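All values reported here derive from a predicted model rather than from experimental measurement. We count ligands from 1, going down the list as the structure has it; atoms in each ligand are counted the same way.
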Amino acid sequence: MSEAQINTVSEKVNLMGMSPSKMKAWFAEIGEQPFRATQVIKWVHQLGVSDFDEMSNISKGLKSKLKELAVIEAPEVLRQLDSVDGTRKFLIQVSGGNAIETVFIPDGERGTLCVSSQVGCSLDCSFCATGKQGFNRDLTAAEIIGQVHIAAKSFGQLQVKGPRKITNVVLMGMGEPLLNFDNVVDAMHLMMEDNAYGISKRRVTLSTSGVVPALDRLSDYTDACLAISLHAPNDELRNKLVPINKKYPIAMLLASAKRYIEKLPDTHRKMTIEYTLIDHVNDRPEHAYELAELLRDVPVKINLIPFNPFNLSDYKKVSNNALNRFKDILMKEGYITTVRTTRGDDIDAACGQLAGSVNDKTRRSERYKADQPEPLRIIPFA
Ligand code: SAH
Ligand code: SF4
């Protein structure tokens, strides 16, 4: 049992974030049949029941045993903000007095939930508000899946009947998911589990800035979609924007990402390349041509993200001209290229503006330094 699954106040296990396989193992450990795990998962994630007494297909004896050993706790919503364009942002309290942000973005038939994986981030990318805050702590699996739970509940859609509101989940909120490997993977298993949220593996995306050793292991645990935060076509520029590049340069990162995609059971899947366009930094035509060359043998689609300005940054948003020119070059070079439109402007819900309330500046010392080992905490499954 990982520490993260123990409720520190009561010392009871929090079943909210337990993956299906871990839940089955836990029921076996306490001398119960594994099918009980499926029953509890359905109660928690599809019916929103957190009180064992309400679980009508569980015997009285087992209920008391569960009450003695476990709790079911989602994090608490501090605030819900609704934008005029339908975007919904949740400010969510997590233990330790911190808050994280989760954003739901509707787009026609599609509804994407952008989920956080850490409080702050240690990797300190030069254009990212989360990075500017430094790292505070990893979220538990319960806090990660809890964001999906909270959002689904807010739409009255835990038990999905008819069209879903949340069709896609992207791990593109606060934090670097591959630096919180085991909790992120557990939560992803619950997102994709039919008896929980049942979201297709083609609609759950993990986005990483390039923690290569963790990426190398990812295919042993999941076959979800992969997005690589590239942002530059060469190491010289990427070193300035994404400091972890000094340790795991572009060639190493793309090779690892390619191996991940090639291991997926279904062919024709592509990784997404995220490229945040910053005015006069990485938005020139020569950057677009260099990017096209770099990605020639990699199965990709490219998502251009206009940089979202924030207080602590001097970077400027890309001009419309430069954005369109960049996109046209990539398309002429044969790449599927989309532009992420900024949504939820009125509620500060845009990509890279998620800040929660991590105000502890002393944590800045925990930022990534290229000459130190990154704080990898990968706990393999038993
Ligand atoms: N740590 C992961 C996932 C979270 S960041 C990663 O870096 O991939 C999610 C995406 O938002 C990344 O592609 C990141 O580069 C982008 N992003 C961060 N700050 C941004 C900003 N100010 N404007 C636009 N995109 C930004
Ligand atoms: Fe961390 Fe991603 Fe922000 Fe970089 S872009 S600081 S990896 S959250």
A.B. asks: Checking side-chain polar atoms at under 3.5 Å, does D138 have a donor or acceptor matched by the opposite partner on N183?
C.D. replies: no
A.B. asks: Taking atom types as modelled, is there a side-chain donor on R238 or S229 under 3.5 Å from an acceptor on the other?
C.D. replies: no
A.B. asks: Which atoms of ligand 1 sit under 4.0 Å from any heavy atom of S229?
C.D. replies: 6 (C), 7 (O), 8 (O), 12 (C), 13 (O), 15 (O)
A.B. asks: Looking at ligand 1, does any of its N/O atoms fall within less than 3.5 Å of an N/O of R340?
C.D. replies: no
A.B. asks: Are H287 and Y275 close enough, and set up right, to give a ring pair (Phe, Tyr, Trp, His ring centres under 6.0 Å), and what steps lead you there?
C.D. replies: CA-CA 11 Å; H287 295 130; Y275 195 103; 7.7 Å; no
A.B. asks: With nothing but distance in play, are any N or O atoms of P177 less than 3.5 Å from an N or O of ligand 1?
C.D. replies: no
A.B. asks: Have a look at ligand 1 and work out which part of E274, if any, has a heavy atom under 4.0 Å from it: side chain, backbone, both or neither.
C.D. replies: side chain
A.B. asks: Partners of Q80 by side-chain hydrogen bond (donor to acceptor under 3.5 Å, both in side chains), sequence neighbours excluded?
C.D. replies: D82
A.B. asks: List every atom of ligand 1 that sits less than 4.0 Å from any heavy atom of L171, numbering the atoms from 1 in the order shown and giving each element.
C.D. replies: 3 (C)
A.B. asks: Dump the intermediate steps for side-chain hydrogen bond (donor to acceptor under 3.5 Å, both in side chains) on T272 and N303, then the final yes or no.
C.D. replies: CA-CA 7 Å; T272 302; N303 191 218; over 6 Å; no
A.B. asks: Taking heavy atoms and a distance under 4.0 Å, where does T130 meet ligand 1: side chain, backbone, both or neither?
C.D. replies: neither
A.B. asks: Within ligand 1, which atoms have a heavy atom of I305 less than 4.0 Å away?
C.D. replies: 24 (C), 25 (N)
A.B. asks: Step by step, would you call H149 with Y197 a side-chain hydrogen bond (donor to acceptor under 3.5 Å, both in side chains)?
C.D. replies: CA-CA 9 Å; H149 191 81; Y197 301 92; 2.8 Å; yes
A.B. asks: With distance as the sole criterion, is a donor-acceptor pair present between the side chains of N195 and Q46 under 3.5 Å?
C.D. replies: no
A.B. asks: Roughly how far, to the nearest 0.5 Å, is the CG atom of L113 from the CE atom of M191?
C.D. replies: 8.0 Å
A.B. asks: For G175, is at least one N or O under 3.5 Å away from an N or O on ligand 1?
C.D. replies: yes
A.B. asks: Ignoring hydrogens and angles, state whether a donor on the side chain of R88 or S83 is under 3.5 Å from an acceptor on the partner side chain.
C.D. replies: no
A.B. asks: May I ask you to list the atoms of ligand 1 that are less than 4.0 angstrom from any heavy atom of T208?
C.D. replies: 6 (C), 8 (O)
A.B. asks: Number the atoms of ligand 1 from 1 as they appear, then name those within less than 4.0 Å of a heavy atom of C128, with their elements.
C.D. replies: 18 (C), 19 (N)
A.B. asks: Under 4.0 Å from a heavy atom of F307: give me the atoms of ligand 1 that qualify, with their elements.
C.D. replies: 21 (C), 22 (N), 23 (N), 24 (C)
A.B. asks: With 2.8 Å as the limit, count the protein N, O or S atoms near atom 1 (Fe) of ligand 2.
C.D. replies: 1
A.B. asks: For R284, which residues count as a side-chain hydrogen bond (donor to acceptor under 3.5 Å, both in side chains) partner, sequence neighbours excluded?
C.D. replies: none
A.B. asks: Counting only heavy atoms, which portion of H231 has something under 4.0 Å from ligand 1: side chain, backbone, both, or neither?
C.D. replies: side chain
A.B. asks: So does S116 get a backbone contact from the side chain of Q147, meaning a donor-acceptor N/O pair under 3.5 Å?
C.D. replies: yes
A.B. asks: Should one rank G173, C114, P306 by closest heavy-atom distance to atom 4 (C) of ligand 1, which comes out on top?
C.D. replies: G173
A.B. asks: How does T276 reach ligand 1, if at all, at less than 4.0 Å between non-hydrogen atoms: by side chain, backbone, both, or neither?
C.D. replies: side chain
A.B. asks: Please list all pairs passing the ring pair (Phe, Tyr, Trp, His ring centres under 6.0 Å) test where one or both residues lie in residues 65-112, with sequence neighbours left out.
C.D. replies: F104-F155
A.B. asks: When you check the side-chain N and O atoms of Q33 and R36, is any donor under 3.5 Å from an acceptor?
C.D. replies: no
